[in-house]
Engineer: 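Shown below is the structure under consideration.
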Number of protein chains: 2
Amino acid sequence: MKRAVDQPPPLGTTVTVDDENAVDGPLHDQVYRRLRHALVTGRIVPGRAVTLRGLAQSLGVSPMPVREAIRRVSAEGGLEVGANRRVWVPAMDGERFDELIRARILLEPEAAVRALPHIDRERLERLRDIDDSIDVALERGDVEAYMAGNHRFHFEIYAANPSRVLVPLIESLWLQFGPFMRSVYGRLGTVALVDHHVDALDAIIAHDADALARAIRADIMEGMELIATSVLTVPAAADLPEDRRRA
Amino acid sequence: MKRAVDQPPPLGTTVTVDDENAVDGPLHDQVYRRLRHALVTGRIVPGRAVTLRGLAQSLGVSPMPVREAIRRVSAEGGLEVGANRRVWVPAMDGERFDELIRARILLEPEAAVRALPHIDRERLERLRDIDDSIDVALERGDVEAYMAGNHRFHFEIYAANPSRVLVPLIESLWLQFGPFMRSVYGRLGTVALVDHHVDALDAIIAHDADALARAIRADIMEGMELIATSVLTVPAAADLPEDRRRA
DNA sequence: TCTCGGGAAATGTGATCACATTCTGCTGGA
DNA sequence: TCCAGCAGAATGTGATCACATTTCCCGAGA
């Protein structure tokens, strides 16, 4: 096995995206949610090919709803369709990572500040519960549970704002980050991860918009530095095979 | 006819989204591009319902590729699917407008600055041509041509950066703005529109990143003030019928 | 050991059909 | 004049099939 790291496995390999929740609504919606959750928690590695029939069989549904779910996720940047119309999880490179981080820093503090007045007591309680579950995940070294909790924490804040403008944009960014972050955590383990959400919680309780923006920003910067100090060599995007170009 | 402004017409009314270019690639891709162009140039009014079979018939294709195109556009925020799974062009309200403008101001100057080093002589020439066509459109009072040119101008800049992170985010914002701006221009005419792209062109020629960011920002702010000073009363989102809630 | 074909398998695309749900418009009654 | 109710039309969803293209796999040849 001489395959390089993060090189895609042979096509047609089954991809498991099982997810307990999300069992109502149209089938394509359920497939969409399960696929998205699998990406956000990094259950699918970058470069992995996703096929219609393969994913359909792995989920026990017909190819039809999978088609719509894949189209939807790829429109959000979570999957990439090639010139040969084949779909895979996009690979990460330095430039893309930098822009993703920049977009997160621009959008997420803004979204948090705009959501702040909408955060009521119950939501704050849920945020505390999520934060606790993150601590548990970190103690147990459960990377996947940590990533799921981290995602839920951030969007439990942003989604307090009923407007659906900033949230979908930020969701798109997380969708693109998930698989890569997982591969990073996989090399580092959870020991390097720290829970920085207490500052955000304090700012919410104090109704301090500036402090909340700073806490969110610090949380993002921290994750970025974790990458910078650990994975100095990011795979170059130049040496992709011809058929892996974007459509 | 007692229907209020921007109220959706009866379902099933055909929507024309003809577009000259874009005739290669998969059918669902062509439908996607034509649908998107129709939205960006404001050819479809907010509140207008979009049906599978209706759009398919109006484009002369089967409902299948339309289904994927609609799913893709709605994932980008250009269409909204209701709890009854029906699709329409989202209506605008004050909060949404504010967040869209804010996101544009955060993302577009950044995208322009990152694209600046990639703008070569040929692209600059294309930008000049586009700017000329905008002037022609303004003189002729052709709103649709103005909107198409304005879109092409901005993305001819942003897309110089080969990375596909910021551009899709900004595309999503324009997709949501298009129908609303058209209805605004429809009331004002093109006399209120000014071409502010010369500052951007000068900044590009001078390789001045700060000046470019300022020019883009000013262009966005200008459009916003045009709305603020003209359409003070934006339709309230509260009085939407039950079935028009987001899914 | 490596390279080049060639047949088989797998892929995405599009069309068509069936079905449950929802909307529309008319009719009846008060 | 208004409103409830019903029948018919229209809608989105999902399944299945056919087809062109691409990819994979294995063996022949150097």
Side-chain angles (χ1 to χ4, degrees), chain A residues 2-3 7-15 23-33 35 47-75 79-88 240-247, chain B residues 2-3 7-15 23-33 35 47-75 79-88 240-247:
Chain A
K2 280 191 169 339
R3 213 192 310 274
Q7 196 77 6
L11 300 179
T13 315
T14 49
V15 177
V23 285
D24 53 328
L27 262 184
H28 67 80
D29 224 274
Q30 302 178 31
V31 174
Y32 163 76
R33 286 199 295 267
L35 182 56
R48 161 75 67 154
V50 175
T51 67
L52 251 68
R53 292 172 176 84
L55 186 57
Q57 188 172 0
S58 118
L59 293 178
V61 300
S62 91
M64 181 60 80
V66 176
R67 211 194 293 198
E68 305 198 44
I70 285 182
R71 195 70 63 195
R72 195 170 161 191
V73 172
S74 65
L79 292 172
E80 197 169 351
V81 302
N84 52 359
R85 302 168 186 181
R86 207 138 292 187
V87 179
W88 67 88
L240 282 178
E242 175 69 25
D243 57 337
R244 282 302 179 87
R245 301 288 165 78
R246 279 186 289 263
Chain B
K2 280 193 171 334
R3 213 193 306 277
Q7 197 77 5
L11 300 179
T13 315
T14 49
V15 177
V23 286
D24 54 327
L27 262 184
H28 67 80
D29 224 273
Q30 301 178 32
V31 174
Y32 164 76
R33 287 199 294 268
L35 182 56
R48 160 76 66 153
V50 175
T51 66
L52 251 67
R53 291 172 177 84
L55 186 56
Q57 188 173 1
S58 117
L59 293 178
V61 300
S62 92
M64 180 60 79
V66 175
R67 211 194 294 196
E68 305 198 45
I70 286 182
R71 194 71 63 194
R72 195 171 161 191
V73 172
S74 65
L79 292 171
E80 196 169 352
V81 302
N84 52 359
R85 302 168 186 181
R86 207 140 291 188
V87 179
W88 66 86
L240 282 178
E242 174 70 24
D243 56 336
R244 281 302 179 87
R245 301 289 164 76
R246 277 186 290 264

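So that the names make sense, note that chain A is the first sequence line, chain B the second, and so on, each numbered from 1.
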Engineer: Nearest whole angstrom, please: distance from the C1' of dG14(D) to the CZ of R71(B).
Structural biologist: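 After rounding, the reported distance stands at 12 Å.
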Engineer: Considering only side-chain heavy atoms of P26(A), which listed nucleotide, dG12(C), dT13(D), dA15(D), is closest?
Structural biologist: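 From the listed options, dT13(D) comes nearest.
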Engineer: In this structure, how many angstroms lie between the P atom of dA10(D) and the CZ atom of R86(B), rounded?
Structural biologist: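 To the nearest whole Å, that distance equals 12 Å.
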Engineer: Mind calculating the distance between CD (E68(A)) and C1' (dG12(D)) to the nearest angstrom?
Structural biologist: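 Going from CD in E68(A) over to C1' in dG12(D) covers 9 Å.
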Engineer: Check the distance between dA10(D)'s C1' and Q57(B)'s CD and give it to me in whole angstrom.
Structural biologist: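 It works out to 12 Å between those atoms.
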Engineer: Between L59(B) (CG) and dA15(C) (P), how many Å, whole number?
Structural biologist: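 Computing the L59(B):CG to dA15(C):P distance gives 12 Å.
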Engineer: Could you check R53(B) against M64(B) and say which one's nearest nucleotide on DNA chain C is further toward the 5' end?
Structural biologist: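 The residue whose closest nucleotide sits nearer the 5' end is M64(B).
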Engineer: Are V50(B) and V73(B) close enough that some pair of their side-chain heavy atoms sits under 4.5 Å apart?
Structural biologist: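 Not touching, per the 4.5 Å side-chain cut-off.
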Engineer: Can you say whether a donor on the side chain of R67(B) sits under 3.5 Å from an acceptor on the base of dG14(D), or the other way round?
Structural biologist: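 Counting by modelled atom types and ignoring angles, a donor-acceptor contact under 3.5 Å is found here.
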Engineer: If you compare all heavy atoms of A69(B) against all heavy atoms of H28(B), which two are closest, and at what distance to 0.1 Å?
Structural biologist: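 The answer is CB-O, 3.7 Å.
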Engineer: Check whether any side-chain nitrogen or oxygen of T51(B) sits under 4.0 Å from OP1 or OP2 of dT11(D), and answer yes or no.
Structural biologist: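 It does, given that an N or O in the side chain of T51(B) lies less than 4.0 Å from OP1 or OP2 of dT11(D).
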Engineer: Between N84(A) (CG) and dT11(C) (C1'), how many Å, whole number?
Structural biologist: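 In whole Å, dT11(C) C1' and N84(A) CG are 10 Å from each other.
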Engineer: Could you check how far CG of L52(A) sits from C1' of dG14(D), rounded to whole Å?
Structural biologist: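 Atom CG in L52(A) sits about 14 Å away from atom C1' in dG14(D).
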Engineer: Measure the distance from CG on L27(B) to P on dG12(C) and round it to the nearest whole Å.
Structural biologist: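 Going from CG in L27(B) over to P in dG12(C) covers 18 Å.
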Engineer: For side-chain contact (heavy atoms from CB on, under 4.5 Å), just list the numbers for R67(A) and R67(B), CA-CA rounded to whole Å, side-chain angles, deciding distance to a tenth of an Å, and then say yes or no.
Structural biologist: CA-CA 10 Å; R67(A) 211 194 293 198; R67(B) 211 194 294 196; over 6 Å; no
Engineer: What is the distance from atom CZ of R72(B) to atom CG of D29(B), rounded to the nearest 0.5 Å?
Structural biologist: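 Reported value, rounded in 0.5 Å steps: 5.0 Å.
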